[in-house]
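First the structure, in the form of structure tokens, and then the observations on it.
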Amino acid sequence: MSHFVLIDGNSVANRAFYALPLLSTSAGLHTNAVLGFTTMLLKVLEEMKPTHIMVAFDAGKVVFRHTEYAEYKGGRSKTPPELSEQFPLIRELLDAFAIKRFELEGYEADDIIGTLTKEADQKEWKTTVITGDKDMLQLVSDHVSVALTRKGVSEIELYTPEEIQEKYGLKPLQIIDLKGLMGDSSDNIPGVPGVGEKTALKLLHEYGSVEEVLANVDRVSGKKLQENLRENVDKANMSKALATILREAPVELDVQQTEFPGYDGLALSDFFKKMEFKSLLSKIKVTQDMSENGEASEATPFAFEIVTEETTEKYTDKLTTPMAVYIEMDGDNYHHAPILGFGIAAEGTTLYVPWDVAKEWKALGSWLADASKEKWVFDGKRDTVGLAWHELPVAGIGFDVYLASYLLNATESNHTLDSIASQYAQVRVRPDEDVYGKGAKRLVPETDVLSEHVAHKAAAIWQSVQVLREQLVENEMGSLLNDLEAPLSMVLALMEKQGIKVNRERLEQMGEELDSKLADLTTQIYELAGGEPFNINSPKQLGEILFDRLALPVLKKTKTGPSTSADVLEKLAPYHPIIDAILTFRQLGKLRSTYIEGLTKEIHTKTSKVHTLYNQATTATGRLSSTDPNLQNIPIRMEEGRKIREAFTPSEDGWYMLAADYSQIELRILAHISGDENLIDAFRKGMDIHTRTAMDVFGVSEEDVTSLMRRQAKAVNFGIVYGISDYGLSQNLNITRKEAADFIERYFDVFAGVKQWMEEIVKEAKQDGYVTTLLHRRRYLPDIRSSNFNLRSFAERTAMNTPIQGTAADVIKLAMIRMQEALVEKGLASRMLLQVHDELVFEVPEDELEIMQKLVPEVMESALALNVPLKVDVNYGRSWYEAK
DNA sequence: GTCTTCACG
DNA sequence: ACGTACGTGAAGACG
């Protein structure tokens, strides 16, 4: 059966360009759009198995649309040179694939595709159009589907007439009417003012088309809407015309010419080599083997050797420098996971050492501990802690591909070795899930499978380092890795292995008190609800009680029903006494399940400590996160919850807990990077920043700042750090949007430097596609130029927030490295235990209290010199609770 | 697995 | 007109 695939070349290239980091070859040629395009093509060929395929491109000025509307596409920003230069490469790519490409002077890709799909439709061919442009949905028919690219180009969403009906309630051709009414800012199609997607859909569901809407304008509800429609009849008609894809372009391509017999693996591999797509090279070999017409290349078995108890001596000389080493463990939590074996690789050597052999091999132990023997690793913290539980020290970690991969793309969450290998190495690593199985079926495989898997991992590390190093240097993040993240990972390893003591009895006692309170509340809630028991923890069942039986008003909805979140319930409290009981029940229930039961489960039976895992490669901003247990969200705001901290105590008798936190670090960083004179002045004078903000925004003297004014000023300051919007502020303060907008305007009048910086950082993000912190940490913002308002707005707020939050993360990370150095240098017994974003927690012997109270703030405040002082508050006590 | 809620900075 | 504050992780419900 035939399958005709048509690709909108410009649209796909654009999406690929903005979705991927700006990669380039060693010669400096940018390749991210080419790579994205290639990935998409390979995926399409594999999944759709087209018999005919072609790619259409825009060419020249769009003649026929321009004549009708001079502004057409006027609002579209110019194609950046980094993308333009990739179009010739994409053409080369298509030639290498032997895929027909087509362009027609004066026409857009849309029109070429529109014309060809019409032809295919008449022939009743199964046809698929691939594009990122929603307009193309108008081409959908019984034979033609449109696949929209998602998440850049890595995923596609297939639309048939049924799916369009389901999503919009429209026939495919009505997509044109939709655009005619709502317009499209990215193509500068005006539409009717005041009509967005919601209104347009409502009108079309009622009247069916732009023409019918206009003919029945008297019956349309809403005076303003009627007026807008009457005054913009021409605009509506013209917009519809602009949105209509031409289906009779003078295309001289016969569909038969697009027949696709399969690609030429040789031509393609040459091209991939030129582009330095190392990972793709191995992929096409496999495909080639499977296709009948490709020249089957002999699959060379991957060569590695298994070291046995008897042969260790023979391999001792192979332990050189540098080498890649990977430690395979059975499970994710390396505080408990049994070690299965080592993979070790360098040029010409790949070894697998089973754990039973490794732990007895003295030379291997010395090699691991020898700082002069450089090791390249994947997640050195994991290796260090995992081996520390077996009293095996590790030193000389020279490169960590996990951290490097994270820095190169912090928003990508999948920094597994298989994905790193596919991007940066030639050898392929199977996903762990494939090797072990998942869920209940998880099983450690036989030695031959396991050893090959681990050997591949070590080889992948070995092969990835050079490319990763080059890309880091190119993105100016070499020092960020070598001087910050890598040393930090070793500090974190110490903290995780050290652990923090938790008093189980104290928690159990609190748990019993909670149990009895919760039992009382449960009875009380059932009675208030009419006597019938129900599951209070189920938002669904609770919603039925509140909104059906008690007929309370629905203030907010979620996707699945009325919202019962705390902010909604607080507003409902005056209506019914059950609400307060539910809020208390939720609060105490959370304490019991997450902080009493959850935390107790994580206490190590031998040490009475909890050993968290700090994830150093998770967040988009550069912060750490903490899991198993999460020690970065232990309650503090409410007194009942705060008591949990009484259970966190020193691990040695007579010692103290000491906590040190940065005061207003994010606003101080904002003062520094924005250079706002007013904000700088406030911090240099050591003022309370929220009071100062209230004084400036409300125009009153310090004595006249009321607590309400200070509270509102504080919310504005938070909003500023988050990338302010009037809507967000209004939600937070429970005020109208107009009032929130006034606050913001007044804030920007007084802090004009902040306003200017915010505008500039967004502009910079639009230009570069990313933002950076003071230490060059980078975050890509693929949506920053999206035509979708929501996506774009979100990216803009992120552009404002990330340099602030990310620089704060840089600062405390630097402080942690310096702090650990200071502890060692001064021979102190005190230990750093926790990091909570702007706070460090230590356990301190009594005779070091004095020096630590001085040393900790000194080190933290001098971590990075800004043009405002950094300020640190220190407290200590017999538990974390008392260190306040 | 996904959704909702809620704990923290 | 659009419809959110920025960044996380854990637990429970539900399909």
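Every value quoted in this text rests on a predicted model; they were computed, and no experiment measured them. To find a chain, count down the sequence lines: A is the first, B the second, and so on, and within it residues start at 1.
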Pairing partner (Watson-Crick or G-U wobble, both distances under 3.5 angstrom) of C:dA1: none
Contact under 4.0 Å: A:Thr621 side-chain N or O vs C:dG7 OP1/OP2: no
Below 4.0 Å: OP1/OP2 of C:dC2 and any side-chain N or O of A:Arg792: no
Presence of donor-acceptor pair under 3.5 Å, side chain of A:Arg779 and base of C:dG7: no
Donor-acceptor pair under 3.5 Å, A:Gln805 side chain vs C:dC6 base: yes
Nearest-neighbour nucleotide for the A:Ser593 side chain, B:dA7, C:dC6, C:dA11 considered: C:dA11
Sugar-phosphate, base or nothing in reach of A:Ala808, heavy atoms under 4.0 Å: nothing
Sugar-phosphate only, base, or nothing, as touched by A:Gly719 at under 4.0 Å among non-hydrogen atoms: base
Distance-only donor-acceptor test (3.5 Å): side chain A:Ser725, base C:dT4: yes
Side chain of A:Phe718 - closest among B:dG9, C:dA5, B:dC8: C:dA5
side-chain N/O A:Asn535 vs C:dA13 OP1/OP2, d < 4.0 Å: yes
N/O (side chain, A:Ser563) to phosphate O (OP1/OP2, B:dT4) under 4.0 Å: no
Evaluation steps, side-chain hydrogen bond (donor to acceptor under 3.5 Å, both in side chains), between A:Lys381 and A:Tyr402: CA-CA 10 Å; A:Lys381 171 162 71 70; A:Tyr402 180 56; over 6 Å; no
C:dC6 base stacked by A:Tyr722 (centroids within less than 5.5 Å, tilt under 30°): yes
Sugar-phosphate only, base, or nothing, as touched by A:Thr199 at under 4.0 Å among non-hydrogen atoms: nothing
Phosphate contact (C:dG12 OP1 or OP2) by A:Lys590 side-chain N/O below 4.0 Å: no
Residues A:Arg623, A:Glu666: salt bridge by 4.0 Å N-O rule: yes
hbond_proxy A:Arg586 side chain to B:dT5 base (donor-acceptor, 3.5 Å cutoff): no
